[in-house]
Amino acid sequence: MLLLRLKSPILSQNSYSFLLKSCIARKAVEPGKQLHARLFINGIIFHDFNLATKLVNLYSICHSLTYAHNLFDKIPKRNLFLWNILIRGYAWNGPYESAFQLYHQLLDHGLDPDNFTFPFLLKACSGLSAINLGKAIHNRVIKTGWEMDVFVGAALIDMYAKCGYVNESRLVFDNIMNRDVVLWNSMLATYAQNGHPEECMKLCCEMVFQNFMPTEATLVTAISASADLGAINQGRELHGYSWKLGFVFNDKVKTGLVDMYAKSGNVKIARVLFEELREKRLVSWNAMITGYAMHGHAHEALNLFKRMLEYSTQPDHITFVGVLSACNRGALLDEGQMYFDSMIKDYCIEPSVQHFTCMIDLLGHCNRLNEAYRLITEMKVTPDSGVWGALLNSCKIHGNVELGELALERLIKLQPDDAGNYVILSNIYAQAGKWERLQNLRKVMIERNIKKSIACSWIEVKNKIHAFVCGDTSHPMSDELYEELEKMGEFMAEAGYIPNTSPVFFDVEDDEKMEMVNGHSERLAIAFGLISTPPGAKLLVTKNLRVCEDCHVVIKLISKIKKREITVRDVNRYHHFKDGICSCGDYW
DNA sequence: GTAGGGTTAG
């Protein structure tokens, strides 16, 4: 950049070329603009295609799309390379629509998109979640014969993944014979991002089996999948595998491990790894803060947040989801309100539905139901099912029938087929002794043919995931498992336990009801865990719905009688049972 | 005479 400071107005075109190349390498847009001005004054710019191209490239890399596009428009003869770098700029930074405008212009000019154009266009589709556009581009890919290209393929896989079309992703993946590691990674990410962690793990094994060397992205994706599965042993294996492959000092892999250990209930190990990070980036802070929040360690989460600010790391909207849900778990109303205000005022973050959900949950937690409702009415964003669900849940805990009815009314509009909401209101009615309303609600459910979704819980034992549905007798160890449950029942009866059958929704006789509660999937998974692990071993069970109230009581007792730490991760939160107490403080 | 696909936190 020394040359820039020289007074001499005349530089050779080679020198300009060299300087621009250096600007591109450093992403230095300001010196580039100065060079642009000189080129303009000297009248060189429009005669030297090479220099103009370099400038468009620089602007495009540096998010200066307006500059890039203006210059692009003035270049008389444009080649595909020039179109591609401008499309790339829009694909990376938006507005994505501009990428498609350029694409159509390109076609109008009689040019054919190539294996560079397609990945950029597909990236823009991913950004817009525009499946129809994506499919149209896919057709064009097939027509122009680029479908076997790994770059195009990976972009197609990602586009379908971001639009939620997992099967289409897989078709693209299966269709390409000469795969490379990124193509595998794209497919792994598709499964991980779309809630198919088991498929992700399976494919990961296949990839290794086919002698592909995992990369940083492979491990990050696989670790996040095992975090979503709550598969601690698989996660530990991946941890060991990272050692073997030399990724153990890699901060991105390590952040994945922090998330994985936190989600599987090992917050302490997560913290140790977090402290080992050489560079603590925003994602790492967020993983640790949300990890603490999930497990109800409100003060640890907030202390870490304060430390993050001392490190001058700017929090983002995800950090505040963690901070606010930490306040919620700790019933810290004043702090929660303070952070919510600070997020808006000090950090200029527009509260999202998630932030509002945290606040409504928090107000509800503290029995400020009317304020919670008022907040919903004042929200600038449209309240979704999470928001009304939080209100409904708070109404159940504090026995507010009227607001509960209102919340359900809104929920029915948003999720007409979700039985869970009806069940919560029916529980509110049952608790309040409103039997007539309860009967009416049941009638409505029957009329609308709303059925409770099948509850499923799973537990990982010796690296294998064992899944149980409600009343399941299909497991090979089913007999032993029910025997264990029966034995537990005797112990619990001695401890004064009386089954609470109110969560059982169907009209059935009492002893039948008992059996149904007894056969709840979380109990089956825990019973299986008890008989297939050594005494004292921790258990982690994951459930697709909320833990039922009776099971919550029972698991507390089991943790005391069997001297076991049991973690249940239900659809909303974690419950840590130890010595007869649950970390949620019976609020969930 | 150049560029590109996959990566974690909610």
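Every chain is numbered from 1, with letters handed out A, B, ... down the list of sequences.
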Original post:
Which nucleotide in the set B:dT2, B:dG10, B:dT8 lies at the smallest distance from any side-chain heavy atom of A:N79?
Top reply: B:dT2

**OP:** Select base, sugar-phosphate, or nothing to describe what A:M159 touches, counting heavy atoms under 4.0 Å on all strands.
**Re:** nothing

Original post:
Got A:K263 and A:Y574 here, is their nearest side-chain heavy-atom distance under 4.5 Å?
Top reply: yes

Original post:
For the pair made of CZ in A:F173 and C1' in B:dG5, what is the distance, rounded to whole Å?
Top reply: 14 Å

Original post:
Is the aromatic ring centre of A:F120 closer than 5.5 Å to the centre of the six-membered base ring of B:dG4, with the two planes inclined by less than 30°?
Top reply: no

Subject >> Presence of donor-acceptor pair under 3.5 Å, side chain of A:D180 and base of B:dG5 >> reply: yes

**OP:** Compare the minimum distances between each of B:dG4, B:dG10, B:dG5 and the side chain of A:K123, then state the nucleotide with the smallest one.
**Re:** B:dG5

Subject >> B:dA3 base / A:N84 side chain donor-acceptor hit below 3.5 Å >> reply: yes

**OP:** Please examine the side chains of A:F340 and A:L324, heavy atoms only from C-beta on, and report whether any two atoms are closer than 4.5 Å.
**Re:** yes

Original post:
Between A:E275 and A:R307, is there a salt bridge with N-O shorter than 4.0 Å?
Top reply: yes

Original post:
How is A:V150 classified with respect to the nucleic acid when contacts are heavy atoms under 4.0 Å: base, sugar-phosphate, or nothing?
Top reply: base

**OP:** Let me know the distance between CZ of A:R78 and P of B:dG1, rounded to the nearest Å.
**Re:** 22 Å

**OP:** Give the ring-plane orientation class for A:F173 versus A:W184, where under 30° counts as parallel, over 60° as perpendicular and anything between as tilted.
**Re:** perpendicular

Subject >> A:K54 NZ - B:dA3 P separation (whole Å) >> reply: 10 Å

**OP:** Can you tell me the distance, in whole Å, between the NZ atom of A:K27 and the P atom of B:dA3?
**Re:** 13 Å

Original post:
If only side-chain N and O atoms of A:W184 are considered, is one of them under 4.0 Å from the OP1 or OP2 phosphate oxygen of B:dT7?
Top reply: no

**OP:** Taking only Lys NZ, Arg NE, NH1 and NH2, and the carboxylate oxygens of Asp or Glu, determine whether A:D112 and A:R140 approach each other closer than 4.0 Å.
**Re:** yes

Original post:
Which nucleotide, B:dT7, B:dA3, B:dA9, lies nearest any side-chain atom of A:V283?
Top reply: B:dA9

**OP:** Taking only the side-chain nitrogens and oxygens of A:N50, find out if one of them lies under 4.0 Å from OP1 or OP2 of B:dG1.
**Re:** yes

Original post:
Once you round it to whole Å, what is the distance between P of B:dA9 and CZ of A:R271?
Top reply: 20 Å

Original post:
Does A:K263 have a side-chain nitrogen or oxygen under 4.0 Å from the phosphate oxygens OP1 or OP2 of B:dA9?
Top reply: yes

